[in-house]
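Report on one structure; see the data block that follows.
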Amino acid sequence: MRIRKYETMYVLRPDLEEEAIKQNVQKFSNLIVEQGGQVEKVDEWGKRKLAYPIENFREGYYVLMNFTAQPFVPRELERVYKITDEVIRYLIVREDE
């Protein structure tokens, strides 16, 4: 299988405490590493205003993460995003060489 580069951005609920934010960021990074991927960069943008309200929130905690992994890893990451209540939005894109 080919290793590919990916970029994911996810938005966490703004009412989370700092410890909960850290735990979620760590959880998603660990998931990639446990699946044989490699996290290249995690960039926490912090709280930003949302373009439109999501689940009655007007702002969210943005995290941008770059990683390399096999194609099944983003699918698993997406599955975990969907079942994680703290995530209000996410996007995973493949970076083309």
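What you see below is based on every heavy atom in this structure, not just the backbone, and it leaves out hydrogens, waters and symmetry mates.
Atom OG1 of Thr68 sits about 10.0 Å away from atom CD of Gln70, to the nearest 0.5 Å. Considering NZ of Lys49 and CZ of Phe57, their distance stands at 14.5 Å, rounded to 0.5 Å. Note that the CD1 atom of Ile54 and the CZ atom of Arg13 stand 13.0 Å from one another [nearest 0.5 Å]. Residue Gln23 holds its CD atom at 10.5 Å from CD of Glu17, rounded to the nearest 0.5 Å.
There is a path of hydrophobic side-chain contacts, each under 4.5 Å, that joins Val80 to Val39. A continuous path of ILVMFWY side-chain contacts below 4.5 Å connects Val63 to Ile21, so both sit in one hydrophobic cluster. No path of Ile, Leu, Val, Met, Phe, Trp and Tyr side chains, each step under 4.5 Å between heavy atoms, connects Val25 with Leu91, placing them in separate hydrophobic clusters.
In this structure, Pro71 and Arg4 have side chains that are in contact, with non-hydrogen atoms separated by less than 4.5 Å. Side-chain contact between Thr84 and Lys27 is present, with heavy atoms from C-beta onward closer than 4.5 Å. Between Glu95 and Asn66 there is a side-chain heavy-atom pair separated by less than 4.5 Å. The shortest distance between side-chain heavy atoms of Tyr10 and Arg89 does not fall below 4.5 Å. Leu12 is listed as a side-chain neighbour of Val87, based on a closest heavy-atom distance under 4.5 Å.
Under the side-chain hydrogen bond (donor to acceptor under 3.5 Å, both in side chains) criterion, Tyr90 pairs with Glu78, sequence neighbours left out.
Looking at every heavy atom in both residues, Ser29 comes nearest to Val42 through OG-CG2, 3.9 Å. The minimum heavy-atom distance between Ile32 and Gln38, with the atom names listed, is CG2-N, 3.9 Å. Across all their heavy atoms, Gly37 and Ala69 have their closest contact at CA-CB, 4.0 Å. When all heavy atoms of Glu55 and Ile88 are compared, the pair lying nearest together is OE1-CG2, 3.7 Å. Here the closest non-hydrogen pair linking Pro53 and Arg58 is CG-NH1, 3.2 Å.
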Criterion side chain to side chain donor-acceptor pair (under 3.5 Å) on Asn30 and Glu34, from CA distance to verdict: CA-CA 6 Å; Asn30 287 346; Glu34 286 164 10; 5.0 Å; no
Criterion side-chain contact (heavy atoms from CB on, under 4.5 Å) on Phe72 and Gln35, from CA distance to verdict: CA-CA 9 Å; Phe72 67 87; Gln35 300 286 329; 3.3 Å; yes
side-chain contact (heavy atoms from CB on, under 4.5 Å) between Leu31 and Glu76, worked out: CA-CA 9 Å; Leu31 178 102; Glu76 175 63 14; 4.2 Å; yes
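For Phe28 and Tyr81, the ring centers are positioned less than 6.0 Å apart.
Between the side chain of Lys47 and the backbone N or O of Pro14 there is at least one donor-acceptor pair closer than 3.5 Å. Judged by distance alone, with hydrogens and angles left aside, the side-chain atoms of Thr8 form no donor-acceptor pair with the main-chain N or O of Met65 at under 3.5 Å.
Among Glu44, Met9, Lys41, the one residue that satisfies the side chain to side chain contact (heavy atoms under 4.5 Å, CB included) test with Leu64 is Met9.
Ring orientation note: the planes of Phe67 and Tyr6 are close to parallel, at an angle under 30° on the 30°/60° scale.
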